[in-house]
2 protein chains.
Amino acid sequence: MTQFDSALNQLRERLLSGFYSPGVALTAADLAESLGMSRTPVREALRTLASEGLVEMEMNRGARVTVWDDEKLAVVFDIRSLLEGLACRRAAERAEAHDLDELDALAQRILAKGEPGPDRDEDAVQSLNSEFHNGILRIADSPMLETAMHGVVHAAVLARTRGSYTDEEQRRSSLHHLEIVAALRSGDANWAESVMHSHLAQGRIAALRARNESEAAG
Amino acid sequence: MTQFDSALNQLRERLLSGFYSPGVALTAADLAESLGMSRTPVREALRTLASEGLVEMEMNRGARVTVWDDEKLAVVFDIRSLLEGLACRRAAERAEAHDLDELDALAQRILAKGEPGPDRDEDAVQSLNSEFHNGILRIADSPMLETAMHGVVHAAVLARTRGSYTDEEQRRSSLHHLEIVAALRSGDANWAESVMHSHLAQGRIAALRARNESEAAG
DNA sequence: CATGAACTAATTGGATGCAATTAGTTCATC
DNA sequence: GATGAACTAATTGCATCCAATTAGTTCATG
């Protein structure tokens, strides 16, 4: 694990968690200090994050946190739907029994943690959700696909601020996960792809609604 | 235009043109010297190229030119097909008259330059082809989509070594371009997307065949 | 002749220093 | 009070330097 890797991971984490406000300037020296390293690996990480779309760099002006408008967000979900659909197709053809068991366990936990009531834990849902989607990507087993998704997946996660799902949407989302596992288990690539498309179509609606609500509020 | 931009453009150009053999180690100091700059901007460019999938970096071992096997290549074409299909959908909804005229002119020139005979010019075909696809991406008007495609488009171009198309394929490819313009002109997103999918399905076949032929030969 | 320890050369990742550019502030002028 | 020239502080992009790691070579040993 190099300083570059460390900087990349930590900065990506901060950007996705909303630690930095959209549009804010990211000063290399400040980041370096807060990460306990010099500017060199930080600058390399910023270049990588720029090519992932999480920050934007301008000549002699350094990096700024990307501002997400409705248009960008919608495209991100379109792209993510296509790529994750492809990942599902591939996963349906490659998944082993133990892969499916792991995904199933994750889907069950997401269902439980997302159920309305005292045990609800949205942080856990979000974290497990990431694990589920990453799991499918792993089963799809294609470095190229992972590379292509880096530019958009993270951004989509960023958009889904916590609490954007209604109870009904959360439940449907959880059931989508279970249905995806069922589709993968049956080896039906079309089915798996379709459910993923439905899953992200709903996610897109919720993300855009959440954005507009928070805009109207603040 | 910073040294970083210069390094990124030139190195990308070299990688796509096959200047460096697949799998070869790219020594930062050598690159820096050949580009007339220090290692710092070169290293940043290599990080970016890595996130685009054109090179691969390993801890304490620097960068190597990515080796494209059949599997990787097939996935690249799958992804490119999905993303360019989306670009076509968006272009069908956004293209202005002058956009369509420009694309049409390009399609006509590709048809002419690709026709078997003394006027055939494969370099021109390849170059115009890139222009055509970039034109559609431009009309689609989405920075996110461009970002996502950077990871795969270049790679796909790389794979299509000159002369990989048969006469029949070249002709069909040229007609695809004209058909795409017609679909865009009619504003039919489904039609435009379908033709693009067909176009890249054929491209994929040709690219994989070319790879296996050259492998059998050399 | 094969094997591997010991040494050397090359190369990497990262820290630091510096000129050039940009952003911010002060202050004179209308 | 607004406008903008002149100066200052911050910040960038890049070159250079250095310790740590890797790759390559030599040479002793079985």
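None of these values were measured; they are calculated from a predicted model. Below, chain A is the first sequence line, B the second, and so on; all start at residue 1.
Taking the side chain of B:T2 as heavy atoms from C-beta on, and the options D:dG13, C:dG13, C:dA15, the nearest nucleotide is D:dG13.
A cation-pi arrangement is present between A:R14 and A:F19 under the rule of less than 6.0 angstrom and at most 45 degrees off the ring axis.
The residue B:L26 sits close only to the backbone: its heavy atoms come under 4.0 Å of sugar-phosphate atoms, none of a base. Nucleic acid contact for B:T40: base, since at least one base atom lies under 4.0 Å from a heavy atom of the residue. Here B:M59 lies out of heavy-atom contact (under 4.0 Å) with every strand. Across all strands shown, A:R61 has heavy atoms under 4.0 Å from sugar-phosphate atoms exclusively, and none from any base.
Closest approach of A:L83 and A:L145 over heavy atoms only: O-CD1, 4.1 Å.
Using a 4.5 Å heavy-atom cutoff, the side chains of A:R185 and A:D101 are in contact.
Counting to the nearest Å, the C1' atom of D:dC14 and the CZ atom of A:R47 are 11 Å from each other. For the pair B:D30 CG and C:dA10 C1', the interatomic distance rounds to 10 Å; values are reported in whole Å. Rounded to a whole Å, the CD atom of B:Q3 is 17 Å from the P atom of C:dA19. The separation between B:L46 atom CG and C:dG13 atom C1' is 13 Å, rounded to whole Å. Distance CD (A:E44) to C1' (C:dT12): 11 Å, rounded to an integer number of Å. For A:L31 and D:dT11, the CG to C1' distance is 12 Å, given to the nearest whole Å. Rounded to whole angstrom, the span from the CD atom of A:E33 across to the C1' atom of D:dA10 amounts to 14 Å.
The nearest heavy atom of DNA chain C to A:R39 and to A:F4 marks one nucleotide each, and the one closer to the 5' end goes with A:F4. Nearest-nucleotide assignment on DNA chain D puts the 5′-proximal partner with A:M57, out of B:N60 and A:M57. Residues B:A29 and A:M37 each lie close to DNA chain C; by heavy-atom proximity, the contact nearer the 5' end of the strand is made by B:A29.
Contact annotation: A:R43 side-chain N/O to D:dT12 OP1/OP2 distance is not under 4.0 Å.
Checking side-chain atoms of B:D141 against main-chain N and O of B:R138 turns up no donor-acceptor pair under 3.5 Å.
Ring geometry for B:H199 versus B:H176: interplanar angle over 60°, hence perpendicular rather than tilted (30 to 60°).
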